[in-house]
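A quick write-up on the structure given underneath.
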Amino acid sequence: MYALVDGNNFYASCERVFRPSLNGVPLVVLSNNDGCAIARSEEAKALGIKMGAPWFQIRHLAEDAGLVALSANFALYGDMSERMMSLAAGLGQQQEVYSIDECFVDLHGVPGDLTERARQVRARIRQWIGMPTCIGLAPTKTLAKLANHMAKNAERKPGSYPAELAQVCHLGAMDRAEREALLAATAVQEVWGVGRQTSAKLQAEGIQTALDLARADVATVRRRWGIVLAKTVQELNGTPCLSLDELPPAKQQIACTRSFGEPVTELASLRQAVTEFTSRAAEKLRRQHSLAGQLMVFIRTSPFRPDERQHSAHRQIKLSTPSSDTACLTEWAQAALHTLYQPGHKYAKAGVMLMDLQSSASEQLGLALEDDEPGHRHRLMGTLDHLNQHHGRGTVLLASAGMPQTRKGWKMKQERLTPQYTTDWGALVVAG
DNA sequence: TCTGGGGTCCTAGGACCC
DNA sequence: TCTGGGGTCCTAGGACCC
């Protein structure tokens, strides 16, 4: 049996924990550059705001309907996530942290009434860190996701599902008829792994509901739609095909990409941006003890400005020696950028991707008979990471990243950022 | 004026090999 | 007349996830 624990409207709920005045208020959290809505409170959803809605299209609701918008505060959300995960882990023996706001817990061998146990854990998360959650329980991960969907909607859309399923829904504790009635009441696109494209094609074939999909012939689905959907069908029937991954596998690629706060035309600004993106990507690389064998840089203008001259280009470089050294990677990234840049374009976005990753245990340190250069670089990077971790991002950086006063233009806009309540002593909430 | 960021897996097709 | 069969690796593109 698996549980899926999921924070409701996670980012919006994180903000509410520290600003209770936002309770009951339509609230959205905006993406980088305050570009579009990436989280919505129930009240905001009720206003018809869609996931990903551009801010400039909904900002009138601030005046018309009291909509509050906040810039994404990822330091806060990451910290709240850790707290929620450690509490959710108490549900069972093994946990897979699936995303910032949800985790699977393996309940094999857990005795007693699982529904009751889930309710208790849910109440604890609510009381200890202020985060509302819903929990789905079922014999497979796909069904647990679906049970979670039912728990959420039974709570917020009365009539969609029986009210007693609100907050905690245990599909594994129901008899067949009851479970099938719930699957029949669920549109096929709500199933985990069935997106827009697939659901459109399925519906054209007469497969409208989760129950229709569960009843499809596995071999036929395998042949016509591929192995992923075939596994989904089996999982919907209670046969586990997806196991729990306790340790997230090391990433196979690491990216750092950003849209700019305003259009960038100068190579000098792009150079600063690319240096910073490379530095950030290299930090992530070293954190998972990997080396990159390839590096890719891209720059592009805004596809939302079809009236302007468009330019989009990328260059991939194979490194002669795999590396995690910020200076080395930056040098190559800059070389790539130079071949891409064309004057006269308004660039809107750039990015750096590190690929062909391998474990740094296999690092070739060279013979270095006289000069232990690689060893020095290794320690230098360790020191750099330590300083930036303990004294804040950007404490030490490459000169080509630019001095703070010259780094305007490409930096992102965050005009509605809340304090880092849980990760900055200076931002502690004062009670009294 | 104003539209995010970061991943994964699968498939098909081509190159190449024996 | 009839021109194998099986395998690997790589890449690009598509679909999906949060």
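Numbered from 1 within each chain, the chains take letters A, B, ... in sequence-line order. Fair warning: this is a prediction, and the values are worked out from it, not measured in the lab.
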Legend entry - Watson-Crick or G-U wobble mate for C/dA12, both contacts under 3.5 Å: B/dT11
Legend entry - Shortest non-hydrogen contact from A/C134 toward A/E155: SG-OE1, 3.6 Å
Legend entry - Under 4.0 angstrom between A/S99 side-chain N/O and C/dC17 OP1 or OP2: no
Legend entry - A/M353 CE to A/H314 NE2 distance, which is reported to the nearest 0.5 Å: 10.5 Å
Legend entry - A/E331, CD: over 12 other non-hydrogen atoms inside 6.0 angstrom: no
Inset, instruction - Return the value, rounded to whole Å, for the distance between atom CD1 of A/I100 and atom C1' of C/dC17. - result: 15 Å
Inset, instruction - Figure out the CH2/P separation between A/W192 and B/dC9, and round it to whole Å. - result: 12 Å
Inset, instruction - Check the distance between C/dC17's P and A/E235's CD and give it to me in whole angstrom. - result: 14 Å
Legend entry - A/L242 CG - C/dC17 P separation (whole Å): 13 Å
Inset, instruction - For A/K145, report the nucleic acid contact type (base, sugar-phosphate, nothing); a contact means any heavy atom under 4.0 Å. - result: sugar-phosphate
Legend entry - A/L47 to A/P26 - nearest heavy-atom pair and separation: CD1-CB, 3.7 Å
Inset, instruction - For C/dC18 versus B/dC2, give the span between their P atoms, rounded off to a whole number of Å. - result: 31 Å
Legend entry - A/Q197 CD - C/dC17 C1' separation (whole Å): 14 Å
Legend entry - Electrostatic pair A/E43:A/R16 at N-O distance under 4.0 angstrom: yes
Inset, instruction - Identify, residue by residue, the members of residues 209-227 of chain A with a heavy atom below 4.0 Å from DNA chain B, and return them in order of residue number, or none. - result: A/R222, A/G226, A/I227
Inset, instruction - Using whole Å, report how far NE2 of A/H314 lies from C1' of C/dG13. - result: 12 Å
Legend entry - Atom pair distance, as rounded to whole Å: NZ in A/K231 and C1' in B/dT11: 14 Å
Inset, instruction - Would you give the length of the straight line joining atom OG of A/S279 to atom CG of A/L384, rounded to the nearest 0.5 angstrom? - result: 8.0 Å
Inset, instruction - Taking atom types as modelled, find out whether A/T418 and A/E15 have a side-chain donor-acceptor pair closer than 3.5 angstrom. - result: yes
Legend entry - Aromatic centroids of A/F104 and A/Y2 separated by under 6.0 Å: no
Can you give me the N/O atom pairs linking the protein to nucleotides 1-8 of chain B at distances under 3.5 Å, or say none if there are none?
from	atom 1	to	atom 2	distance (Å)
B/dC2	OP2	A/R305	NH1	2.8
B/dG4	O4'	A/S31	OG	2.9
B/dG5	OP1	A/S259	N	2.6
B/dG5	OP2	A/S259	N	3.3
B/dG5	OP2	A/S259	OG	2.9
B/dG5	OP2	A/K349	NZ	3.3
B/dG5	O3'	A/R258	NH1	3.1
B/dG6	OP1	A/R258	NH1	2.9
B/dG6	OP2	A/T257	N	2.4
B/dG6	OP2	A/T257	O	2.8
B/dG6	OP2	A/T257	OG1	2.5
B/dG7	OP2	A/A255	N	2.6
B/dT8	OP1	A/Q252	N	3.1

Legend entry - Interatomic distance where CG belongs to A/D356 and C1' belongs to C/dT11 [whole Å]: 14 Å
Inset, instruction - Examine the side chains of A/H338 and A/R271 and answer whether a donor and an acceptor come within less than 3.5 Å of each other. - result: yes
